[in-house]
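One structure is given here, and the rest of the page talks about it.
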Amino acid sequence: MKSYNITTLDDFIIKRQKDYPEAKGEFSRLLHHIGTAAKMVGSKIRKAGLADILGRAGNINVQGEDQQKLDIYADEVFTSALLSSGECCGVASEENQNIITFTHEFALKGKYIVCMDPLDGSSNIDVNVSVGTIFSIYRRISEKGSVVTDEDFLQKGTDQVAAGYIIYGSSTMLVYTTGNGVNGFTLDPSLGEFCLSHTDLKMPASGSLYSVNEGNYIKFPDGVKKYIKYCQERDPSTSRPYVSRYIGSLVSDFHRNLLKGGIYMYPSSEIYPRGKLRLVYECNPMALIAEQSGGKASDGYNRIMEIKPDSLHQKTPYFVGSVEMVNRVEEFIRLNG
Ligand code: AHG
Ligand code: MN
Ligand code: MN
């Protein structure tokens with residue numbers, strides 16, 4: 001008999017659910033729907049270059065439908081998948097100024113809210129470079145049965161129940177954590193299933209990669225400038241000079257650094273006084289994954305997940321990756337500002 005040793009995402013979710021006797025399957029259903037939305041978005045992204053043949057954004061395609069921007073498409077697919085799960089009562093997304101509240105009777109009974117960046121790194125789409133989706137799941141704090149409010153979405157990152165990302169790269173991968181380690185699943189296109197490929201991922205404590213948009217260098221704070229120079233200096237007792245790698249898509253840069261060891265930085269600068277990345281749906285979810293894999297996430301001074309958000313689209317300077325590298329950049333910032 002041929003051996004069968006595939007663990008699909010759904011198998012894995014069910015196995016994990018059995019570890020929590022009180023779990024009723026609600027969370028599993030939510031994750032299952034996120035996985036399905038990821039397959040739909042992934043398949044659309046694979047056809048992205050064909051937009052030129054079938055009609056550009058704003059044009060009418062051969063089916064007579066309006067071509068949508070992929071960010072909007074991804075936003076709609078994930079939002080409707082979350083609604084269909086029946087377990088989610090509201091969504092905050094990069095693509096919408098305000099929260100989306102689900103008012104259907106079944107959804108009001110849902111326990112969870114989701115914050116997401118439906119398509120991260122979307123400026124890379126036109127040049128065929130990897131993009132991603134980021135999601136973060138919280139338990140609602142408003143009363144079950146009522147309509148969710150902004151307060152449900154402005155919880156600290158430490159309150160996250162789960163977080164994950166999907167990377168649409170040379171293969172499509174879904175990586176997530178429920179606060180009990182990090183696991184990665186690779187989509188097998190022939191089976192149409194996410195299969196467990198990276199069990200209990202651990203980010204190396206140090207690495208030799210640094211990722212930052214160096215075009216902004218002269219506008220960075222002194223501490224960050226000095227740290228970048230430190231990364232470039234030769235030191236035979238360590239792996240310095242480090243290698244510079246910057247894709248410009250947080251998901252892809254983070255994913256590489258998670259596997260290889262490295263640091264990703266989006267500091268404050270004169271152009272972006274609070275950095276560019278959004279705390280609620282970009283920084284916090286990646287921070288939970290970083291910490292769960294042994295890494296660290298900071299705004300230069302504070303643990304990212306302990307910052308209480310004031311608004312949905314709030315930005316923060318961001319340093320995430322291998323723990324020793326994030327500790328080192330914090331030292332430089334503390335000493336030099
Ligand atoms: P998004 O496509 O969701 O707006 O996010 C893009 C973000 C992030 O993914 C990336 O690391 C950063 O913007 C790149 O910014 P710069 O082009 O300023 O380096
Ligand atoms: Mn983004
Ligand atoms: Mn985005």
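When reading the values below, keep in mind they use all heavy atoms of this one structure, side chains included, and skip hydrogens, waters and symmetry mates. Counting starts at 1 for both ligands and their atoms, following the listed order. Since we're looking at a predicted model, the values are computed, not measured. The first residue in the sequence is number 1, and the count goes up from there.
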Fill in: Residue, atom name and distance, where the atom is the protein heavy atom closest to atom 1 (P) of ligand 1
Gly121 N, 3.6 Å

Worksheet entry | Stepwise salt bridge (Lys or Arg N to Asp or Glu O under 4.0 Å) check, Lys308 with Asp310 | CA-CA 7 Å; Lys308 168 80 178 84; Asp310 300 317; over 6 Å; no

Item to complete: Output the atom name for the N/O/S atom of Glu282 with the smallest distance to the Mn ion (ligand 2).
Response: OE2

Fill in: Short N or O distance, Tyr246 and ligand 1, threshold 3.5 Å exclusive
yes

Worksheet entry | Those atoms of ligand 1 less than 4.0 Å from some heavy atom in Ser122 | 2 (O)

Worksheet item: Hey, quick one: are Val114 and Phe106 part of the same hydrophobic cluster, counting side-chain heavy atoms closer than 4.5 Å, chains of contacts allowed?
Response: yes

Worksheet entry | Under-2.8 Å protein N/O/S neighbours of the Mn ion (ligand 3), ordered by chain then residue number | Glu94 OE1, Asp117 OD1, Leu119 O

Discussion item. So for ligand 1, is Asn216 a polar contact partner (N or O within less than 3.5 Å, distance only)?
Written reply: no

Worksheet entry | Partner residues of Tyr264 under the side chain to side chain donor-acceptor pair (under 3.5 Å) criterion, sequence neighbours left out | none

Discussion item. Considering non-hydrogen atoms of the protein only, which is the closest contact for atom 5 (O) of ligand 1, and what is the distance?
Written reply: Asp120 OD1, 3.2 Å

Worksheet item: Apart from Tyr217 itself, what residues make up its hydrophobic cluster when side-chain heavy atoms of I, L, V, M, F, W and Y under 4.5 Å apart count as a link, directly or indirectly?
Response: Tyr210, Val212, Ile218, Phe220, Val224, Tyr227, Ile228, Tyr230, Tyr242, Ile263, Met265, Tyr301, Phe319, Met325, Val326, Val329, Phe332, Ile333

Worksheet, complete the sentence: re atom 18 (O) of ligand 1, the protein heavy-atom contact at minimum distance is Tyr266 OH, 2.5 Å

Fill in: Per-atom contacts, ligand 1 versus Glu282 - under 4.0 Å to a heavy atom
3 (O), 5 (O)

Response to the item:
When distances are taken from atom 7 (C) of ligand 1, the protein heavy atom at minimum range is Leu277 CD2, 3.9 Å

Fill in: ligand 1 contact on Asp117 by region, counting heavy-atom pairs under 4.0 Å
side chain

Discussion item. Can a donor-acceptor pair be found, under 3.5 Å and without considering hydrogens, that links the side chain of Asn213 to the backbone of Gly215?
Written reply: yes

Response to the item:
for atom 4 (O) of ligand 1, nearest protein heavy atom and its distance come out as Glu94 OE2, 3.3 Å

Discussion item. Taking CG in Asp235 as the centre, count heavy atoms belonging to other residues, nucleotides or ligands within less than 6.0 Å. Is the count above 12?
Written reply: yes

Worksheet entry | Exceeds 12 heavy-atom contacts within 6.0 angstrom, atom CZ of Arg139 | no

Worksheet item: Which ligand 1 atoms are under 4.0 Å away from a heavy-atom of Leu119?
Response: 2 (O), 3 (O)

Discussion item. With the threshold set at under 4.0 angstrom, would you say Met286 reaches ligand 1 through any of its heavy atoms?
Written reply: no

Item to complete: Verify the ring-centre separation between Phe27 and Tyr112: is it less than 6.0 angstrom?
Response: yes

Discussion item. With heavy-atom distances below 4.5 Å as the criterion, would you say the side chains of Leu250 and Tyr318 are in contact?
Written reply: yes

Discussion item. Tell me the contacting part of Ser249 for ligand 1: side chain, backbone, both, or neither, using a 4.0 Å heavy-atom threshold, strictly below.
Written reply: backbone

Worksheet item: Members other than Ile247 in its cluster, when Ile, Leu, Val, Met, Phe, Trp, Tyr link by side-chain heavy atoms under 4.5 Å?
Response: Val127, Val129

Discussion item. Between Arg256 and Ser211, do the side chains contain a donor N or O and an acceptor N or O under 3.5 Å apart?
Written reply: yes

Worksheet item: Where does Glu95 meet ligand 1, judged by heavy-atom distances below 4.0 Å: at the side chain, the backbone, both, or neither?
Response: neither

Worksheet item: Do other residues, nucleotides or ligands put more than 12 heavy atoms under 6.0 Å from His104 NE2?
Response: no

Worksheet item: Any nitrogen or oxygen of Leu250, main chain or side chain, under 3.5 Å from a nitrogen or oxygen of ligand 1?
Response: yes

Discussion item. Just to confirm my output: which protein heavy-atom neighbour is closest to atom 17 (O) of ligand 1, and how far is it?
Written reply: Lys276 NZ, 3.7 Å

Worksheet item: With a cut-off of 6.0 Å (strictly less than), are more than 12 heavy atoms of other residues, nucleotides or ligands near CD of Glu233?
Response: yes

Discussion item. With heavy-atom distances below 4.5 Å as the criterion, would you say the side chains of Asn180 and Arg16 are in contact?
Written reply: yes

Worksheet item: Quick one: nearest non-hydrogen protein atom to atom 11 (O) of ligand 1, plus distance?
Response: Tyr264 OH, 2.6 Å

Worksheet item: Can you tell me which residue and heavy atom of the protein come closest to atom 10 (C) of ligand 1, and the distance to 0.1 Å?
Response: Gly248 O, 3.4 Å

Worksheet item: What do you reckon, is NZ of Lys225 surrounded by more than 12 foreign heavy atoms closer than 6.0 Å?
Response: yes

